[in-house]
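For this chain, numbers begin at 1 and follow the sequence in order. Heavy atoms only: backbone and side chains are in, while hydrogens, waters and symmetry mates are out. Nothing here was measured: the structure is a model prediction, and the numbers come from that model.
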Amino acid sequence: QVQLVESGGGLVQPGGSLRLSCQASGFTLDADAVGWYRQAPRKDREGISAIATDGRTYYSDSVKSRFTISRDNAKNVVYLQMDNLKPEDTAEYYCASGGDFDTVVAGAVRPWALAKWGRGTLVTVSS
């Protein structure tokens, strides 16, 4: 079964860290660009990071210098290390793949262009 599964979400205090994982099964993730997206209550989905097959990365201004995306092709997983978390980072976090890098970067506004989406993991930043 082809799927992406996110994990690693939870409750963390402001200034804390979490590492999210996007585990692929049923296909080889190293052939895909992969993106991370988030959606907070009553807000539009936001594309926050992406990684290309050649290692190029993208970060939105809202997470630049705080979040780091990486991939471990041997484990078929993409990570999102989130540091210095803020209450405004509270959201459901999703990963997706199935397009080229530019398509993945734009995945929040054209989600239909990506073939594979996970179901999300909830991140709550609160004291």
Side-chain angles (χ1 to χ4, degrees):
Q1 182 180 3
V2 172
Q3 62 178 355
L4 293 172
V5 178
E6 302 93 340
S7 62
L11 174 64
V12 64
Q13 292 186 341
S17 298
L18 285 174
R19 188 177 78 161
L20 305 184
S21 298
C22 174
Q23 181 70 57
S25 60
F27 70 104
T28 303
L29 197 56
D30 61 2
D32 284 3
V34 179
W36 281 98
Y37 313 83
R38 67 186 182 185
Q39 188 163 18
R42 298 175 298 281
K43 292 190 175 180
D44 292 335
R45 189 169 295 189
E46 175 189 12
I48 57 172
S49 187
I51 187 165
T53 56
D54 62 4
R56 285 174 295 149
T57 57
Y58 159 80
Y59 299 96
S60 66
D61 288 343
S62 59
V63 307
K64 197 173 297 183
S65 78
R66 299 187 298 122
F67 291 11
T68 305
I69 192 171
S70 62
R71 62 195 308 158
D72 185 336
N73 290 335
K75 295 182 178 179
N76 218 21
V77 65
V78 168
Y79 300 107
L80 185 69
Q81 176 68 39
M82 307 188 297
D83 298 318
N84 190 22
L85 283 160
K86 304 175 181 180
E88 52 264 42
D89 295 317
T90 295
E92 190 81 19
Y93 283 70
Y94 303 88
C95 64
S97 72
D100 59 21
F101 184 60
D102 289 341
T103 301
V104 167
V105 169
V109 294
R110 292 193 292 274
W112 55 87
L114 298 179
K116 312 175 194 74
W117 283 87
R119 293 189 174 186
T121 185
L122 180 64
V123 172
T124 304
V125 184
S126 176
S127 55

Asp54, CG: over 12 other non-hydrogen atoms inside 6.0 angstrom:
yes

Mind checking the [atom1]-[atom2] spacing from [X] to [Y]? Nearest 0.5 Å is all I need.
{"X": "Leu18", "Y": "Gln81", "atom1": "CG", "atom2": "CD", "value": "8.5 Å"}
{"X": "Arg19", "Y": "Thr68", "atom1": "CZ", "atom2": "OG1", "value": "11.5 Å"}
{"X": "Lys116", "Y": "Gln3", "atom1": "NZ", "atom2": "CD", "value": "12.5 Å"}
{"X": "Tyr58", "Y": "Ile51", "atom1": "OH", "atom2": "CD1", "value": "14.5 Å"}

Could you check whether any side-chain N or O of [X] sits under 3.5 Å from a backbone N or O of [Y], counting only pairs where one atom can act as donor and the other as acceptor?
{"X": "Gln39", "Y": "Ala91", "result": "no"}
{"X": "Thr53", "Y": "Asp30", "result": "no"}
{"X": "Asp72", "Y": "Val77", "result": "no"}

Of all heavy-atom pairs linking Cys22 and Leu4, the shortest is SG-CD2, 3.8 Å

Check whether any side-chain heavy atom of Glu6 lies under 4.5 Å from a side-chain heavy atom of Leu20, and answer yes or no.
no

Can you check whether Ile48 reaches Leu80 side chain to side chain, under 4.5 Å on heavy atoms?
yes

Aromatic plane relationship, Tyr37 with Trp117 - under 30° parallel, 30 to 60° tilted, over 60° perpendicular
tilted

Establish, from distance only, whether the side-chain atoms of Ser60 and Ser62 form a donor-acceptor pair under 3.5 Å.
yes

Do NZ/NE/NH1/NH2 and the carboxylate oxygens of Asp89 and Lys86 come within less than 4.0 Å?
no

